[in-house]
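Each chain gets a letter, A, B and so on, in the order its sequence line appears, and its residues count up from 1.
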Protein chains: 2
Amino acid sequence: MSKGEETKQKILQQALMLFSVKGYEETSLKDIATSVNIKAPSIYAYFKSKESLFENVIDVVMDEYLFFIRSQADTDVSLPTEKQLYTLMDNLNKYFYKQNLGLFIKRYGLVPPEKFRDYLLHKYNESEREIRKLLYDILESSSKPYKSDLDTVVTSFICVLDGLFTYLVNYSEQEYEQRLKAAWEVYWQGITTS
Amino acid sequence: MSKGEETKQKILQQALMLFSVKGYEETSLKDIATSVNIKAPSIYAYFKSKESLFENVIDVVMDEYLFFIRSQADTDVSLPTEKQLYTLMDNLNKYFYKQNLGLFIKRYGLVPPEKFRDYLLHKYNESEREIRKLLYDILESSSKPYKSDLDTVVTSFICVLDGLFTYLVNYSEQEYEQRLKAAWEVYWQGITTS
DNA sequence: CCTACCGATCGGTAGG
DNA sequence: CCTACCGATCGGTAGG
């Protein structure tokens, strides 16, 4: 990687961190530059505007997220369905707790700024579709009968996932664990015939 | 109401609207003043700073929300438990779809700005506690047996509620209705013995 | 409730 | 990648 490319990547990483923690308007180009040890105008050697930089960060975050979601397709199909579904839900949430990506997606996916609204929601919907695909794969390869039709089972899963997502950052990982446990217990009882 | 008090209320209302739609940093005092037909410095006749104005808006929003939550305690106890719980979930969400309050709570409750973080989360937790109280009241006065213990049933309800909350503004009310239907079906099946 | 005004900071450009 | 610089806008104050 060339020196210039290296700097560009550093800018993207620091911008991701600052945009996630402080927000778009609250983060100045000077903030970003300082954390990369360059001067603010130098950023324009790599990005044509603050907006453009932000859009690049969106791509980094969402591409990485989509890659992670798709990597979850490798779960062991011999495992019981419950285990597969639970692991998926937990992994998706754990992913958010581990890095700034989760905070970024929460901040800009849930309340997208006007300027980037369409772009963000498009990416956000794409990730939901990918998760739905994973769910259909798991559910269809299972012989278990479900109390509700597949669409309902899947949509409901997404809703619980989004609910847990809400607790990111505001609550400790321990509090999250408790809520996951409760939500999962009811969800699983709700879709299976006992 | 005196002329001055009237203006103060107008400022609070417009500030609520703009802070909800655009965000704290993206809303200037000039924006607020213009929409109230006064000049920006005049705001200082009523509030000592932008931060102070914002805190006042927080109080308006959360007090109104708490009042609404408590008003939900008046549901007809003779109705079946399912109906009572469903109505509560739907009413809480409908409340958000009706006014800017929902957008405000979503924006600042889910990703609170550093400066107001503690204050906002405190108010937010208070509202969750009030909702939990309503749930315990409904569940305890019911003779129905539940598959999980009360804490689990309640926490899970909150999680579904928060999931649906997530769809506010990003999705149409119709899309919300579909997701509510799916989430509710599974939730209800999950807590009751069939 | 207004006019006049302030220092600080913002995103961005020119030119190297 | 930097220095020097720009116009615009910000929250806020003085004094009425």
(Q) Test of understanding: with ring pair (Phe, Tyr, Trp, His ring centres under 6.0 Å), list the residues that count as partners of A/Tyr97, not counting sequence neighbours. (A) A/Tyr176
Return all side-chain donor-acceptor pairs below 3.5 angstrom for residues 60-75 of chain A, not counting sequence neighbours, or 'none' if the list is empty.
| unit_1 | atom_1 | unit_2 | atom_2 | d |
| --- | --- | --- | --- | --- |
| A/Arg70 | NE | A/Glu130 | OE1 | 3.3 |
| A/Arg70 | NH2 | A/Glu130 | OE2 | 3.3 |
| A/Ser71 | OG | A/Phe68 | O | 2.6 |

Q.
Counting Watson-Crick and G-U wobble pairs with both distances under 3.5 Å, what is the dot-bracket string for DNA chain D, 5' to 3', using [ ] for crossing pairs and | for pairs to another strand?
A. ||||||||||||||||
Q: Report which part of the nucleic acid A/Tyr46 touches: base, sugar-phosphate, or nothing (heavy-atom distance under 4.0 Å, all strands).
A: sugar-phosphate
Q | Contacts of A/Phe165 that satisfy ring pair (Phe, Tyr, Trp, His ring centres under 6.0 Å) - sequence neighbours left out | A | A/Phe96
Pairwise N/O distances under 3.5 Å, protein to nucleotides 2-4 of chain D:
| unit_1 | atom_1 | unit_2 | atom_2 | d |
| --- | --- | --- | --- | --- |
| D/dC2 | OP2 | A/Lys39 | N | 2.8 |
| D/dC2 | OP2 | A/Ser42 | OG | 2.2 |

Taking only distance into account, with no hydrogens and no angle test, what donor-acceptor pairs under 3.5 Å do side-chain atoms of residues 117-124 of chain A form with protein atoms, sequence neighbours excluded?
| unit_1 | atom_1 | unit_2 | atom_2 | d |
| --- | --- | --- | --- | --- |
| A/Tyr119 | OH | A/Asp59 | OD1 | 2.4 |
| A/Tyr119 | OH | A/Asp59 | OD2 | 3.3 |
| A/Lys123 | NZ | A/Asp59 | OD1 | 3.2 |

Q: Could you list the residues that satisfy side chain to side chain donor-acceptor pair (under 3.5 Å) with B/Asp162, not counting sequence neighbours?
A: A/Tyr167
**Q.** ring pair (Phe, Tyr, Trp, His ring centres under 6.0 Å) partners of B/Tyr187, counting only residues at least two apart
**A.** B/Phe157, B/Trp184
Q: Using heavy atoms and a sub-4.0 Å distance, could you list which residues of residues 2-35 of chain B are near DNA chain C? By number, please.
A: B/Lys3, B/Thr7
Q. Going by the ring pair (Phe, Tyr, Trp, His ring centres under 6.0 Å) test, which pairs reach into residues 25-54 of chain A, not counting sequence neighbours?
A. A/Phe19-A/Phe54, A/Tyr24-A/Phe54, A/Phe54-A/Phe104, A/Phe54-A/Tyr108, A/Phe54-A/Phe116
Q: Taking only Lys NZ, Arg NE, NH1 and NH2, and the carboxylate oxygens of Asp or Glu, determine whether B/Arg179 and A/Glu128 approach each other closer than 4.0 Å.
A: yes
Q | Nucleotide of D/dG11, C/dG12, D/dC1 approaching B/Tyr44 most closely (side-chain heavy atoms) | A | D/dG11
Q | Rounded interatomic separation in angstrom, taking CG from A/Leu53 and C1' from C/dC10 | A | 15 Å
Q | Value in whole Å for how far the C1' atom of D/dC10 lies from CD1 of B/Ile43 | A | 13 Å
Q. If you look only at pairs with a residue in residues 13-22 of chain A, which of them pass as a side-chain hydrogen bond (donor to acceptor under 3.5 Å, both in side chains), with sequence neighbours excluded?
A. A/Gln14-A/Ser35, A/Lys22-A/Asp31
Q) Could you give all pairs that pass the ring pair (Phe, Tyr, Trp, His ring centres under 6.0 Å) test and reach residues 128-156 of chain A, with sequence neighbours left out? A) none
